[in-house]
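Structure below; questions to follow.
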Amino acid sequence: MEAVARASVAGSSHVRLPQRWRLRQRHAVPSSAARRPRRRAVACAAGADADVVHLFDAAKLTVDEFVKSGMVVGLGSGAASGLAVQYLGMRLRRGSLTGIVGVPSSATCASEAEKAGIKISSNEEGPQIDFAFTDADIIEEGTLAAVIGRRKIETGEPSFIQEKGVVKSAGKVAFIIDNDKYVNGVEGSIPVLIKSGNWIDTAEEIDDLFLGDAEVWRRPSIGTAGPSGGDFPLVTKEGYHILDVIFTTPIEDLGKVAEDLENIAGVVDHGIICNTTSYAVVASKGEVQVLNQKSSVIPNT
């Protein structure tokens, strides 16, 4: 991976699972952690500040390289996207960009855009989105297939399906990530939106499909994650559940996983974004790398 552009720096009761599925699951890991020494906490805080600086460099470069006056821009979700929204608003106030319309991917994003002075529209209103940016949980090296929507610490209904809709509607998209999220061989959670009726059958089919490579847990609305989602499984406003398909071995082809999931009855959508005109804006210490699927040289935009 070469650097090609650089910048300075509601709920239901507990459901008893079929025995054959329950036996395949591991026990949930307690979320509590031992208290760290204060000296280490200070060091971690300093590291977090440095990470924000790197992300801001990536967010700034994303806006400067890809956003042009008069564009309709999809506004993604996440820390880096929030920084990009703020920087985009600053350029609008300074007059170096004009006529921008933002299409937010969540209510939080819409609020941030309004505070930044960005005129907003909705994806349902039908404007053609020229370009979108968003955070990614992880990106597959080479293909730039991305995963969004992994469970965060904060509670609340996830916005990743709305976020995915904005991204897929865009002519091109840039994923803003830290360097350690650009990997060869994706592991960890793939969120899958499923119909609530007969959800166990859907979970079992996914479990069988990836047997030995992944575990299937239903996402809770609160509390610790586990196979059943606990006593308070997350239910979206449309009445769907979310399964976290947690891969414990590296995925050879993220696009193939997306295709396999889409062929399962009961699956509504998932957190994999592929087959788009994508760029990865990768933040690392002292530089920002901009990559596309075909070349290490940033194309003319």
Side-chain angles (χ1 to χ4, degrees), residues 10-29 31 77 105-108 122-124 137 145-169 186 188-248 251 254-275:
S12 63
S13 60
H14 183 82
V15 179
R16 180 176 176 81
L17 302 178
Q19 183 69 16
R20 71 183 183 88
W21 190 44
R22 280 187 289 129
L23 290 176
R24 295 175 187 165
Q25 316 305 319
R26 295 179 181 174
H27 295 295
V29 178
S31 60
S77 300
S105 60
S106 67
T108 299
S122 70
N123 202 26
E124 290 75 17
D137 292 308
V147 176
I148 63 172
R150 287 182 172 177
R151 190 185 182 211
K152 308 299 190 295
I153 296 175
E154 62 270 18
T155 59
E157 185 175 323
S159 63
F160 78 88
I161 295 303
Q162 183 178 350
E163 180 183 356
K164 183 175 178 179
V166 169
V167 167
K168 296 289 283 186
S169 298
V186 171
S189 172
I190 306 294
V192 182
L193 193 72
I194 65 167
K195 297 176 181 178
S196 56
N198 299 320
W199 73 269
I200 291 179
D201 293 338
T202 304
E204 285 184 346
E205 188 169 351
I206 295 173
D207 191 44
D208 289 340
L209 179 63
F210 302 117
L211 183 62
D213 295 322
E215 301 172 3
V216 180
W217 289 6
R218 185 168 60 156
R219 188 175 297 187
S221 57
I222 58 173
T224 304
S228 71
D231 292 332
F232 302 98
L234 191 149
V235 181
T236 71
K237 63 183 179 182
E238 298 84 6
Y240 300 136
H241 292 312
I242 294 177
L243 298 179
D244 287 303
V245 184
I246 306 168
F247 283 83
T248 55
I251 297 171
L254 200 53
K256 180 63 165 56
V257 171
E259 182 181 345
D260 289 341
L261 287 170
E262 290 162 6
N263 289 329
I264 294 177
V267 170
V268 178
D269 210 335
H270 51 73
I272 300 173
I273 300 175
C274 54
N275 301 320

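Counting begins at 1 with the first residue of the sequence.
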| query | Rounded to the nearest 0.5 Å, how far apart are CG of Asp260 and CG of Leu209? | reply | 5.0 Å

| note | Minimal heavy-atom distance between Lys195 and Tyr240, with the atoms involved, is CA-CD2, 3.9 Å

| query | Once you round to the nearest 0.5 Å, how far does OG1 of Thr202 lie from CD1 of Ile194? | reply | 5.0 Å

| message | If you compare all heavy atoms of Arg150 against all heavy atoms of Pro191, which two are closest, and at what distance to 0.1 Å? | response | N-CG, 4.2 Å

| Atom pair CD/CG of Glu204 and Asp208 - distance to nearest 0.5 Å | 7.0 Å

| Side chains of Leu254 and Phe247: closer than 4.5 Å at any heavy-atom pair? | no

| request: Report the C-alpha distance between Ile206 and Val267 in whole Å, list the side-chain angles of each, state the deciding distance to 0.1 Å, and finish with yes or no for side-chain contact (heavy atoms from CB on, under 4.5 Å). | output: CA-CA 9 Å; Ile206 295 173; Val267 170; 4.2 Å; yes

| said: Treating His241 as the side-chain partner and Leu234 as the backbone partner, does any N or O pair qualify as donor plus acceptor under 3.5 Å? | reply: yes

| task | Rounded to the nearest 0.5 Å, what's the gap from CZ on Arg219 to CG on Leu243? Could you check? | result | 9.5 Å

| Value rounded to 0.5 Å, distance of CG in Asp213 from CG in Asp207 | 11.0 Å

| task | Check whether any side-chain N or O of Lys164 sits under 3.5 Å from a backbone N or O of His270 as a donor-acceptor pair, and report yes or no. | result | yes

| field | Asn275 atom CG: more than 12 heavy-atom contacts under 6.0 Å | value | no

| task | Would you check if Ile264 and Val192 make a side-chain contact, meaning some heavy-atom pair closer than 4.5 Å? | result | no

| field | Pairwise distance CD1(Ile148) to CD1(Ile273) - rounded to 0.5 angstrom | value | 3.5 Å

| Is the side chain of Lys168 donor-acceptor paired with the backbone N or O of Glu163 at a distance under 3.5 Å, no angle test? | no

| query | Do Leu261 and Val257 touch side chain to side chain, with heavy atoms closer than 4.5 Å? | reply | yes

| remark: Taking every heavy atom of Ser77 against every heavy atom of Ser106, the minimum-distance pair comes out as OG-OG, 3.5 Å

| message | Using a 3.5 Å distance criterion without hydrogens, assess whether the side chain of Ser196 forms a donor-acceptor pair with backbone atoms of Gly239. | response | yes

